[in-house]
Amino acid sequence: MEKIWSKTTVGRMELPHRLAMAPMTRSRAQGDGTPGELSSLYYAQRASMGLLITEGTQPSDDGQGYLGSPGIYTDKHIEGWRKVTDAIHQAGGYVYIQLMHAGRMSHPDNTPHHRQPVAPSAVAPAAQMFTAKGMQKIPIPRELTEADIRTTIDDFRRAAAAAIESGSDGVEIHGANGYLINQFISENSNRRTDAYGGSAINRARFAIEVVKAVVEEIGADRTGFRISPGTTLGGIDEGEQGFEVYRYLIKQIAQFDLAYLHVMHLGNDALLREIRSLWPNSLLVNRAGRALDDLCVDLDNGLADVVPVGVWSLANPDFVERLQSGYPLNEADRASLYFGHGSKGYTDYPTMKELEQP
Ligand SMILES: Cc1cc2nc3c(=O)[nH]c(=O)nc-3n(C[C@H](O)[C@H](O)[C@H](O)COP(=O)(O)O)c2cc1C
């Protein structure tokens, strides 16, 4: 357990301990995708987590999936994020903006241009999505042309530059959880017959090209990458040979010398050991579904350098202090996780000090 309180270097950051805040969509951005004052407060309240990886943030109109998710591709977005990054830095934390292109996990009612979602192939995820009109079926996406793919990679590149301009310490490229990059990786969402589909090498190509573009723009030591091997989110089915593509992808992106790789770990420990052996730099492991007592397992077993925490950090602005003192945790209010709840369930979770006050 002591290892969690030791310092570590990740990219350009000297982190005070081995915790981090996992990326979490909270759908509180203004109508044009600019984060508001509440977001500055929300993140600053959690600055003791050390590294805060933000909610998924779209690099373009096409990239938006959810209502109220923020963007990082206009001057207004940059201004809004600058207030957030300043607030985090003043409170002593670091921030990486997560670049998330939702791909087919979107609905025309949720995007500024109201267009058909885009994806590697015209395959719908067989899912519904929350919109201003309530839950709606996700439509069949439009297959990206090779020219569209080049534009999309450039959107990631420009979003990374915008993130740095807004004061972010780096970006995490979202390659996990069924969104665009994961849709290229997985055979059941990628039916392409060109250089971006078919073999594992081809299905990894888009991810690698996004990493390369972002690294060229902002530097490898400010770039992280997230994967979730074996996920079934968003209708993803990576199949029996699913890990083959990750083995290749990890080896390739290891050559860029990134700040970190972030694994959303779904329990295949042999896989995690293999990832550890393939990845030379900092490894962040977010093990889904673990009990609080098991928080340090991967750290103590040498399989992780940092353990990002999602829901507990959302519900406990002072998670670090509570863990240190053994204080009971607030429960997350599931009803106010996403769109339409403002400060409720966002910035109003009490700290232990506030609870102790008479
Ligand atoms: C409300 C909520 C929103 C999430 N949004 C994102 C997201 O935007 N990007 C992402 O990579 N993961 C997202 N996740 C997944 C978390 O980063 C994390 O992997 C998951 O919650 C499991 O970790 P935990 O048990 O510590 O919460 C989200 C999870 C929750 C609960």
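Here the structure is a predicted model, which means the values were calculated and not measured. Just follow the structure's listing: the first ligand is 1, and inside any ligand the first atom is 1. Atom set for the values below is all heavy atoms of this structure, side chains included, hydrogens, waters and symmetry mates excluded.
Taking 4.0 Å as the cut-off between side-chain N and carboxylate O, Glu274 and Arg247 count as a salt-bridged pair. At a threshold of 4.0 Å, the pair Glu79-Lys83 does not count as salt-bridged, since none of the basic side-chain nitrogens sits closer than that to a carboxylate oxygen. Comment: Asp86 does not engage Arg82 in a salt bridge, judged by the lack of any side-chain N to carboxylate O separation of less than 4.0 angstrom. Between Arg142 and Asp148 there is a salt bridge, with a side-chain nitrogen of the basic residue lying less than 4.0 Å from a carboxylate oxygen of the acidic one.
Given atom 5 (N) of ligand 1, the protein heavy atom at minimum distance is Thr25 N, 2.8 Å.
Heavy atoms of Ala288 found under 4.0 angstrom from ligand 1: none, in either backbone or side chain. Heavy atoms of Asn286 found under 4.0 angstrom from ligand 1 belong exclusively to the side chain.
In summary, the side chains of Asp109 and Gln136 do present a donor paired with an acceptor at a separation below 3.5 Å, with no hydrogens or angles considered.
Of the listed residues (His174, Arg226, Met24), the one carrying the non-hydrogen atom nearest atom 12 (N) of ligand 1 is Arg226.
Near Met264, the atoms of ligand 1 lying under 4.0 angstrom from a non-hydrogen atom of the residue are 19 (O). Each of the atoms 10 (C), 11 (O), 12 (N) of ligand 1 lies under 4.0 Å from some heavy atom of Asn177. Remark: ligand 1 atoms within the under-4.0 Å shell around heavy atoms of Gln98 are 7 (C), 8 (O), 9 (N), 10 (C), 11 (O). Applying the 4.0 Å criterion to heavy atoms of Gly310 picks out, from ligand 1, the atoms 24 (P), 26 (O), 27 (O). Remark: ligand 1 atoms within the under-4.0 Å shell around heavy atoms of Ala22 are 17 (O). Taking a cut-off of under 4.0 Å to the non-hydrogen atoms of Gly56, the atoms of ligand 1 that pass are 8 (O). Atoms of ligand 1 lying under 4.0 Å from any heavy atom of Val309, numbered from 1 in the order shown and given with element: 26 (O).
Ligand 1 is approached by Tyr338 to a heavy-atom distance shorter than 4.0 Å. Residue-ligand proximity: Arg290 is placed with a non-hydrogen atom under 4.0 Å from ligand 1.
Heavy atoms only, all atoms of each residue included: Met352 and Asp318 are closest at N-OD2, 2.7 Å.
Taking the six-membered ring for Trp, Tyr96 and Tyr260 have ring centres closer than 6.0 Å.
Relative orientation of the Tyr196 and Phe184 rings is perpendicular, given thresholds of 30° and 60° on the angle between their planes.
Enclosure of atom CD in Glu331 is not indicated, since only 12 or fewer non-hydrogen atoms of other residues, nucleotides or ligands lie within 6.0 angstrom. For CD1 of Ile140, the number of neighbouring non-hydrogen atoms (other residues, nucleotides, ligands) closer than 6.0 Å is 12 at most.
When only interatomic distances are considered, the shortest N/O to N/O separation between Arg26 and ligand 1 does not fall below 3.5 Å. Residue Val311 has at least one N or O atom closer than 3.5 Å to an N or O atom of ligand 1. By the 3.5 Å distance cut-off applied to N or O atoms, Pro23 is counted among the residues near ligand 1.
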